[in-house]
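Following: one structure in structure tokens, then a few remarks.
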4 protein chains.
Amino acid sequence: MCGIIGVWKNEIGVKNTLYYGLIELQHRGQEANGVAVFDGINFNLVKYKGLVTEKKLEDYPEGILGIGHLRYSTIGKKEILIDRFAQPSILYTVKNGLSLCHNGNIVNYSELEEELKRKGNLFQTDADHEVILHILAEELKNNKTLEEAVNTCMNKLEGAYSVIGITGNNELFAFRDRYGIHPLVYGMNENSFIIASETPALIKNNVRKYFSVKPGELIIIKDWSIKKKQIVKATPKQCMFEFVYFSRPDSVIDGKSVREARFNLGKNMALEYSLKNRIEPKSIDYDFISPVPDTSRTAAEGINEITGLPIREALIKNRYIPRTFIMPKDRSKAVKSKLSIMKDVIFNKKILFVDDSIVRGNTSKTIIEMVKEAKPKKIGLWITCPKIIAPCYYGIDMRNYNEFVAFEKNVEEIKEYIGVDELFYASRDCLKKSLGLEDICESCLTNKYFTPLAKEKAKEQMKWLNAVKKII
Amino acid sequence: MCGIIGVWKNEIGVKNTLYYGLIELQHRGQEANGVAVFDGINFNLVKYKGLVTEKKLEDYPEGILGIGHLRYSTIGKKEILIDRFAQPSILYTVKNGLSLCHNGNIVNYSELEEELKRKGNLFQTDADHEVILHILAEELKNNKTLEEAVNTCMNKLEGAYSVIGITGNNELFAFRDRYGIHPLVYGMNENSFIIASETPALIKNNVRKYFSVKPGELIIIKDWSIKKKQIVKATPKQCMFEFVYFSRPDSVIDGKSVREARFNLGKNMALEYSLKNRIEPKSIDYDFISPVPDTSRTAAEGINEITGLPIREALIKNRYIPRTFIMPKDRSKAVKSKLSIMKDVIFNKKILFVDDSIVRGNTSKTIIEMVKEAKPKKIGLWITCPKIIAPCYYGIDMRNYNEFVAFEKNVEEIKEYIGVDELFYASRDCLKKSLGLEDICESCLTNKYFTPLAKEKAKEQMKWLNAVKKII
Amino acid sequence: MCGIIGVWKNEIGVKNTLYYGLIELQHRGQEANGVAVFDGINFNLVKYKGLVTEKKLEDYPEGILGIGHLRYSTIGKKEILIDRFAQPSILYTVKNGLSLCHNGNIVNYSELEEELKRKGNLFQTDADHEVILHILAEELKNNKTLEEAVNTCMNKLEGAYSVIGITGNNELFAFRDRYGIHPLVYGMNENSFIIASETPALIKNNVRKYFSVKPGELIIIKDWSIKKKQIVKATPKQCMFEFVYFSRPDSVIDGKSVREARFNLGKNMALEYSLKNRIEPKSIDYDFISPVPDTSRTAAEGINEITGLPIREALIKNRYIPRTFIMPKDRSKAVKSKLSIMKDVIFNKKILFVDDSIVRGNTSKTIIEMVKEAKPKKIGLWITCPKIIAPCYYGIDMRNYNEFVAFEKNVEEIKEYIGVDELFYASRDCLKKSLGLEDICESCLTNKYFTPLAKEKAKEQMKWLNAVKKII
Amino acid sequence: MCGIIGVWKNEIGVKNTLYYGLIELQHRGQEANGVAVFDGINFNLVKYKGLVTEKKLEDYPEGILGIGHLRYSTIGKKEILIDRFAQPSILYTVKNGLSLCHNGNIVNYSELEEELKRKGNLFQTDADHEVILHILAEELKNNKTLEEAVNTCMNKLEGAYSVIGITGNNELFAFRDRYGIHPLVYGMNENSFIIASETPALIKNNVRKYFSVKPGELIIIKDWSIKKKQIVKATPKQCMFEFVYFSRPDSVIDGKSVREARFNLGKNMALEYSLKNRIEPKSIDYDFISPVPDTSRTAAEGINEITGLPIREALIKNRYIPRTFIMPKDRSKAVKSKLSIMKDVIFNKKILFVDDSIVRGNTSKTIIEMVKEAKPKKIGLWITCPKIIAPCYYGIDMRNYNEFVAFEKNVEEIKEYIGVDELFYASRDCLKKSLGLEDICESCLTNKYFTPLAKEKAKEQMKWLNAVKKII
């Protein structure tokens, strides 16, 4: 996952918008931030480690067009190797330069990279945006239009990609894979045009009205005009994890409010639970709901809507521990966690915890251990995301079957592992109904992939896993 | 306001506890952090700007005794002047050294400082902990015991002080003013003794059972023994703002849970409102309660308890903007704020916002302006802290009568100023009942001070203000 | 000008050699340092601003092959734009990667870059090493051998280039333009093979015996073997400025000691002066010689050898002002300079200053002004480099005709400008004799260029200058 | 050793002078730099690690009076402990504050500190300037004048001290011990008054005419007036090491040029050598003189003056290795050194090396080892400072008898140890004659001390050493 932004302005001065816009997208990536601008003559590029607010506005270059990127990924962690992975990158073709960054994951990245290399293309990073950059640049130097170039590109790429780019021809452009897996929105204020991963980056820059780049669509901004073109047919499959966990609650993805989706999740889970347990929603046997901060607060509100169970927060988060701060390994579990418990809320109570998702299960397990020290009467745990059982090849950092607690454990076993009295997952139906979307990307829930290479890769991973199992 | 910690350990190695303890107290001060340790031979001292997590464990000195301090105060803001204000300080007397830091405010600081200077004492900082340091050191070098020294000290100091110190005689000690204005707690784990501003710093360091240093009490830890002594008679007057705003909700102050106090505040406000408006609590005319993040969430839960109004969060905070990050002046109001609104929650709804307190009123005004853009039907605002109308001389950063929006405005006028449809403050009775304390420090609410010099200073400020008014 | 180094080692661990080697080459470039290594699987790259000693050994990546680069150039000065200009760069081709850095200047850089772009190559920097990288990578992916690739490359490149590179095929290689304009040396110690710009980087890494990469030669190190191949016919034209100013005095370039060259320059200038002025060397009318620190000390020794005039240093340099430290513009001339004068040495004396070269003349002028404050009786100035009148297209940062004080001023006029009583330049004959080289690159002295494009560019610059002159 | 500066200005703006002045004094201390200013109302203080040029002008506070300090000392090396040792310090007395810094060493520091502590004074650092600060502040608060206070102070202090201070009463003052051990000079430019350790700090700040603070003298600058007062009788004993090694060659100490002193040393050594060896100065059997850079260049010129032996530099220094850069221990001797040799100068030659002094002998030994690799015919080594055999209690960092190579070795033995063919020290007579001073501080040469406590301490050290020897 990453956050991206692009700005066109009718005069010099995009860095302010880039800087404050990236701050609004910071939740999408905290490891590195990079900005490429075109100042009418030159492209300039900077890449920094850490949070945007650790740098000053002056540390960014100025231009008339610019793009920015926040890096999240966990590969290439070695502190010193920012040049090998961070975005954006720039390529200079015969007449013009081109720079772009993307959010997502190209499934056939290695295949395309090898093909390009065989054809003679020369690469500079180990990051997948460079494949997109090369394909586009190849087309452009062959005198193709940007539209034609993007067409070629979209027909080659398999996977999830929300791309924002700029050219030395004064164009700002953006396109999104045919599935619209990750969000990409745009809008205007009085003197500039802004494209970003999420709507808050637009709103904080005074954009009143915003739109989505449609799945399969390309938009090009040049001078004061905007050109939109449906490049490939859209077959929407938005990433359900953007709604469930990743995006900000005040974001609107393809016209759907993230906040509303989460609220609905809470409501529908409560209804589903009642139905399943043949019990009136108002009679569900808990004293209160306690969201695991911060994401699941809205779902808790939805549960409250149906069940009437009050919300009482039993956990609090230390706001001053940055995501990248490493707690030493030898310290007690309690200290390892960035959460604290409120003992008097917990003691002798039947508590329904709500969390957005369980991946490995470690965090949940630790939280429950902490909670138990305060002697609750009963602990329930509702998870708004159905069981994650398969890797994501489309941009979420979940890579291997055997890292999921739900991979070969059933709900009963997970319940035991985590140590709660009751564990309840939202169903896939519940999820879809809550998002109000029929076709979502839920491969990590189903282990079924809708693109050919992803299918194949999943099969291979599984085969290998089985082989390993036999040996051990 | 500041955060303080002190550690005694039965072997070398206090810095770990100091470091992770200070992280838990970070909300009490973000401008600077300082640590003084005694390693059996030497005292060592470091002071750094910014957050504790910006430094590594290795940046702190190691010792067998140590104290740490987090600075909050807003005077001496000039970045480069850390040496003039930050704590702790060390003094070396004839046989031993002495280092201490404190949380609070010495009302007669200038008077004592001048007296000491006249007697010949020489000062090194502009911070009030140095007066305490000098008084103690003076007594110690005259062969007084630490008890006698603290006795002299407490009889001289007027104001609020929670003090933690160490001596070259291998003692860790702490004492608290007779009013117990600010909190001070302690406890043990398997190999160390820890004193801190708030209980979470103890708990994260594996302290299971904790106690308060009582108002007027001194505790001394040496070797494996702890000595407690009531130095002056306790006349408790705990700072109500610690409960209302400043402390963490998982803190326990003098046996009272901060979380519970806030929850009670919500409950009692709801009851008071019903009574005042002769309306059933369940009939209060709002669609939902929305806490202003993060402090007022617990009060919102209390209101929910009585009124049944659901909690629906309409505001969210950007977690990645550090408190010290300066937003540029020329940016629009919306961007200036670290908050965002959730439009679909607000639209056409009757919303009851809850906030902990109003000081200047600017923040509330800006939030309400942002909220109105999303067209709510009705906006109410409940404030859990009664009207603040007078300066604090006991350690909260509220200094002048004319900075308070409530100073010469009645509730109706403040309502107009902020732009809400209804504004309701908790009463002082409500506050006391909620805290479960009869005698609290509420001078900022009453303009009545319980120490002589504070009385006088308030009178003088008021006189001057009136004089100014006549001229203008 | 730049400094470069390359290391092959029979086990992991090149970074130590790279780091300490670059420190020995620091005089060749202080603006940025970069290192690329291959660890057997991946290439890793870092680039930093400033001096090598500002970074720790740990800040460099580790590998079994590596190259390092020190950047000197003055374009792209904007602090934040390190990514646009600094070296090395890496390209990944079909099977392997390739990384290289170079010292020199490719005259037909723009032409080759455009040709490559037209063919479809995509560029990532504005630095000329990337053209070399592309040409080589293109050949390699077409299954050419490294030898064949370098052959193609050398036949395309016009200009000065000393190149060091590494491949993912575990090769360390280096080649030097047919003129051998800038130095490139190599040698072995017990477990590694090292190539560098200058011999001190070898010697400090325990290399006892060293060799030059010959003009037009390629060397390839793989496993324990070294392969040498004369790719193009050598027509040596070593840069005289390397001897006169740029290289360290303890360097040996193509078997010629820099120290000896400078010493000879002093000797031959003294003889030339005597002859020209029909005066015995021992009767030259000065009290003493004073070198302008630090480069011209050796030449002063040479003058002393012939004339017997003693060396008395009248100028000293502040060692603690880094090259990149910017003195404020509004300070007096005396402070602007990093030099100080020794008044009692100067007063009432006839002083013969020796300096290596005059480019703009500003520094000399300022020094002489400072010296005059101490009231000398007579000031002479001998310059060991003949009059610089034309731009360098081969790697020295002298770009425009009109920046040279000697461009349209004769010696008499320069003397007046600088303010000395006597000004004497070494002749070109003197220079050649001193270096012991018949064919040197002295285009900046003659305005005659030995490569076609340089000729053309010089002509165009001159034409433009004349056009401008007519207008003004 | 340290460097100090003080500035009075007739308007706000001393930081510029402090900053650029300290840069000129940087050779006197590279570990830390500190500045205290008075802005008419407040004192402000900053202390930084490292070189002045690592900080920007903006990092210093501004004022109308200010002092600056460069720390050299090697105690308290632990990086993080700047607060415990660095200068200046500030004390606030009843009406005013006082800040000062000093260069030198107070022999009875511990005794005075204990006396003060017993009297009740409280200390904040482990640095000896604080004793001076306390004594002065004590007197001032007792309504003594600054003159009277300094009088008391000078009668108490034993040792070497050049002090510069400022008061909240708008005074800049300076005083120097009765022996004038370390230098202290002052002068004016058009709008300010400057006091500093050495003259270059004045000259670079446009001071044309400068004076010495006389041994035993106090000067006070206030408004536009300067008051001078001989506080105690002067008995000059200037530190010979300031002339021989520590000060810049362009400094003038008490009217004596450092450059001239070193030149004389060279001359007189040559004469002494001739006499001793009954040989004509022009027949001394060496091919040339090679100074060990950078200090001994001037002495080499003096030797040349008498012997006619030419100067040929065989050693060069890497300018880019900062003094504080730590070379790793496991690297070969050659790399450990910051020096390089010029092989072709050395081979088969009889070389007379000149160095300023030998303390431990390690550096000389390493240099000679390096030189021998280039196979010289004969190596001589002349040392301009007589044999150092005893500790310095007056401010030079030489503390223990057994650290000196000359402590129990005679010249013959030292010669063997270092590995030269001939070793010749300047005699003490030669030294005095060269400095043109009859009474110098040469206790480190004679093991005779002229102050009572130093005598005693030396005796005790020696006694202890003998005791240890018996045991071993």
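Lettering of chains follows the sequences in order, A, B, ..., and the numbering in each one begins at 1.
- A 4.5 Å side-chain heavy-atom check between Glu54(D) and Glu54(C) finds every atom pair outside the cut-off.
- Between Leu51(C) and Tyr320(D), the shortest heavy-atom contact is CD2-CD2, 4.2 Å.
- For chain C, the nearby part of Phe263(D) is the side chain; its heavy atoms alone come within less than 4.5 Å.
- In Tyr245(D), the OH atom is not crowded: 12 or fewer heavy atoms of neighbouring residues, nucleotides or ligands sit closer than 6.0 Å.
- Contact count against chain C (heavy-atom pairs under 4.5 Å) is highest for Arg259(D) among Arg259(D), His27(D), Lys56(D).
- A distance of 9.5 Å separates CE in Met342(D) from CZ in Arg248(C), rounded to the nearest 0.5 Å.
- When all heavy atoms of Glu301(D) and Glu313(C) are compared, the pair lying nearest together is OE2-N, 2.6 Å.
- In this structure, Arg319(C) pairs ionically with Asp294(D), as a charged nitrogen and a carboxylate oxygen lie closer than 4.0 Å.
- When atom types are taken as modelled, the side chain of Asp250(C) and the backbone of Ile316(D) share no donor-acceptor pair closer than 3.5 angstrom.
- Of the inter-residue distances, the one linking Ile203(C) atom CD1 with Lys343(D) atom NZ reads 5.0 Å to the nearest 0.5 angstrom.
- Of the possible donor and acceptor atoms, one in the side chain of Asn318(D) sits under 3.5 Å from a partner among the backbone N and O of Ile23(C).
- Between Ser340(D) and Lys204(C) there is a side-chain heavy-atom pair separated by less than 4.5 Å.
- Heavy atoms closer than 4.5 Å to chain C are found nowhere in Pro200(D), neither backbone nor side chain.
- The most heavy-atom pairs under 4.5 Å with chain C, out of Glu305(D), Gln26(D), Arg297(D), come from Arg297(D).
- Here the straight-line distance linking atom CZ of Arg208(C) with atom CD of Glu373(D) works out to 5.0 Å at 0.5 Å rounding.
- Expressed to the nearest 0.5 Å, how far CD1 of Ile311(C) lies from CD1 of Ile289(D) amounts to 9.5 Å.
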